[in-house]
Amino acid sequence: MTLADEAITWYDANARDLAWRQPETTPWGVLVSEVMLQQTPVVRVEPAWRSWMTRWPTPADLAAEPQSEAVRMWGRLGYPRRAMRLHACAQAIVERHGGTVPDDLDQLLALPGVGTYTGRAVAAFAYGQRHPVVDTNVRRVVSRVVEGKPDAGPATTAADLVAMEELLPEEPARAARASIAFMELGAVVCTARAPKCVACPFHDVCAWRLTGLPLPDGPSRKPQRYAGTDRQVRGLLLEVLRQATGPVPRQRLDLVWTDEVQRARALAGLVEDGLVESLGAEDFVLAGDAPRGAVNQLS
DNA sequence: AATCCGTGGAC
DNA sequence: TGTCCAAGGAT
């Protein structure tokens, strides 16, 4: 039995029954799930995915609505520009691909918000193709089991893709299943903290365990701060704009954060990023909410 | 390559 | 409480 075979056997018996894993899920449904799962936990994605797919069952359904509706529907999943890009992605799918999610990896990678992980995930999980799919879970599992290291590097590298490719079975559908199995293993057993080695199918072959579960060496990389950052201020501003049904006066936005300089910088950033539009200089809306022709192009 | 980009739950 | 981290992407 290869590692992939072991992983698949384990997955067949232990896979979570997630909404987007139902056989009737469309490639669009897979794509939406993958974008939502970028840095957001499964438990928070499930209800959002159901609502999203009910409202916009196809790319054309989403593409026909303003971006602001996508950002509102996104709610508090975090990183709202993912919603913006998913909306742009739906429009690109309609324009370039006649409303069908492409099955070609290069075409997938050309879509807004679709990077190395997401493009491969859609090609493999929606279309059953044989591509290595490497996310944080896969990197951690391979790092521990194969390399004996407690943690993987911070981002997917070309070397990671090659290493994973060599672990995959030849048959495409089975390769895709191996990838989802490695991911699931990393998500529920070989977790970042407190891994459940007793429940792991690699218990007896894991290089990390066989060398005594060594701790990470060297300084860990800097934790990302959140409190007090522009990201927090942007989040507060956007929350107000999501709730609003009409233009929001600047004075209302002034209430969310006392530091005027930082507040102004955060708001300008949201406009720069295309999440917010200004109406005149004193009113703001979620981008897409503005009546046609009402947007002040300069500020 | 390093940083930025939201949010909430577990410890 | 503060820290860590959760199916990344873009620049």
Side-chain angles (χ1 to χ4, degrees), chain A residues 11 15-16 18-21 29-49 71 74-86 88-89 108-126 131-141 150-158 160-161 164 176 179-188 190-195 216 220-242 256-257 262 265-266 268-270 272-276:
Chain A
Y11 181 81
R16 289 169 294 176
L18 303 178
W20 46 87
R21 289 182 180 168
V30 173
L31 174 54
V32 172
S33 77
E34 295 300 345
V35 173
M36 287 185 170
L37 287 162
Q38 292 167 4
Q39 304 286 280
T40 300
V42 164
V43 290
R44 289 172 52 205
V45 165
E46 277 222 79
W49 183 84
V71 172
W74 196 255
R76 303 186 64 82
L77 284 183
Y79 292 145
R81 43 192 193 185
R82 288 183 293 161
M84 180 179 68
R85 289 176 181 144
L86 189 51
C89 185
L108 285 164
L109 293 173
L111 296 170
V114 176
T116 303
Y117 164 74
T118 303
R120 292 165 176 280
V122 172
F125 305 148
H131 296 290
V133 181
V134 177
D135 74 332
T136 184
N137 291 305
V138 172
R139 291 204 314 279
R140 185 173 54 249
V141 170
D151 288 302
T156 302
T157 65
D160 292 332
L161 293 176
M164 191 60 202
S179 290
I180 194 71
F182 276 104
M183 287 175 59
E184 187 78 349
L185 202 48
V188 304
C190 193
T191 49
R193 287 178 298 188
S220 58
R221 68 178 199 289
K222 312 165 172 102
Q224 268 199 110
R225 292 262 176 273
Y226 178 65
T229 63
D230 286 4
R231 282 155 69 198
Q232 182 181 16
V233 183
R234 287 166 58 111
L236 294 169
L237 291 169
L238 214 51
E239 174 61 9
V240 172
L241 292 164
R242 274 198 304 265
V256 308
W257 198 254
Q262 188 175 24
R265 184 173 67 231
L270 288 169
E272 173 73 17
D273 289 352
L275 281 161
V276 171

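Residue numbers begin at 1 in each chain, while the letters A, B, ... track the order of the sequences.
A donor-acceptor contact under 3.5 angstrom links the side-chain atoms of A:Q224 to the base of B:dC5. In this model, a side-chain donor or acceptor of A:T40 finds a partner on the base of B:dG6 within 3.5 Å. Between the side chain of A:R44 and the base of B:dG8 there is no donor-acceptor pair of N/O atoms closer than 3.5 Å.
Looking only at side-chain heavy atoms (C-beta outward), A:V138 and A:V133 stay at 4.5 Å or farther from each other. Side chains of A:L18 and A:V45 form no contact here, defined as non-hydrogen atoms less than 4.5 Å apart.
A donor-acceptor pair is defined here as one N or O able to donate and one able to accept, closer than 3.5 Å; such a pair exists between the side chain of A:E184 and the backbone of A:R16.
Contact between the side-chain N/O atoms of A:T116 and the OP1/OP2 oxygens of C:dG8 is not found at any separation under 4.0 Å. Contact between the side-chain N/O atoms of A:Q39 and the OP1/OP2 oxygens of C:dG8 is found at a separation under 4.0 Å. At B:dG6, none of the side-chain N or O atoms of A:R225 fall inside 4.0 Å of OP1 or OP2 (strictly under the cut-off). Close to C:dA6, at under 4.0 Å from its OP1 or OP2, lies no side-chain N or O of A:R82. One finds a side-chain N or O of A:R234 lying less than 4.0 angstrom from the OP1 or OP2 phosphate oxygen of B:dG6.
Here the side chain of A:R16 is nearest to one of B:dC4, B:dG8, C:dA7, namely C:dA7. Proximity note for A:Y79 (side chain, C-beta onward) versus C:dA7, C:dG9, C:dG8: the nearest is C:dG8. Counting only heavy atoms from C-beta on, A:A192 has its side chain closest to C:dA6 among C:dA7, C:dG8, C:dA6. Distances were taken from every side-chain heavy atom of A:Y117 (C-beta onward) to each of C:dA7, B:dC4, C:dA10; the shortest belongs to C:dA7.
Comparing A:R193 and A:L238 by the nucleotide of DNA chain B that holds the closest heavy atom to each, the one mapping nearer the 5' end is A:L238.
Residue contacts shown for A:L18 include a base, since a base heavy atom lies under 4.0 Å away.
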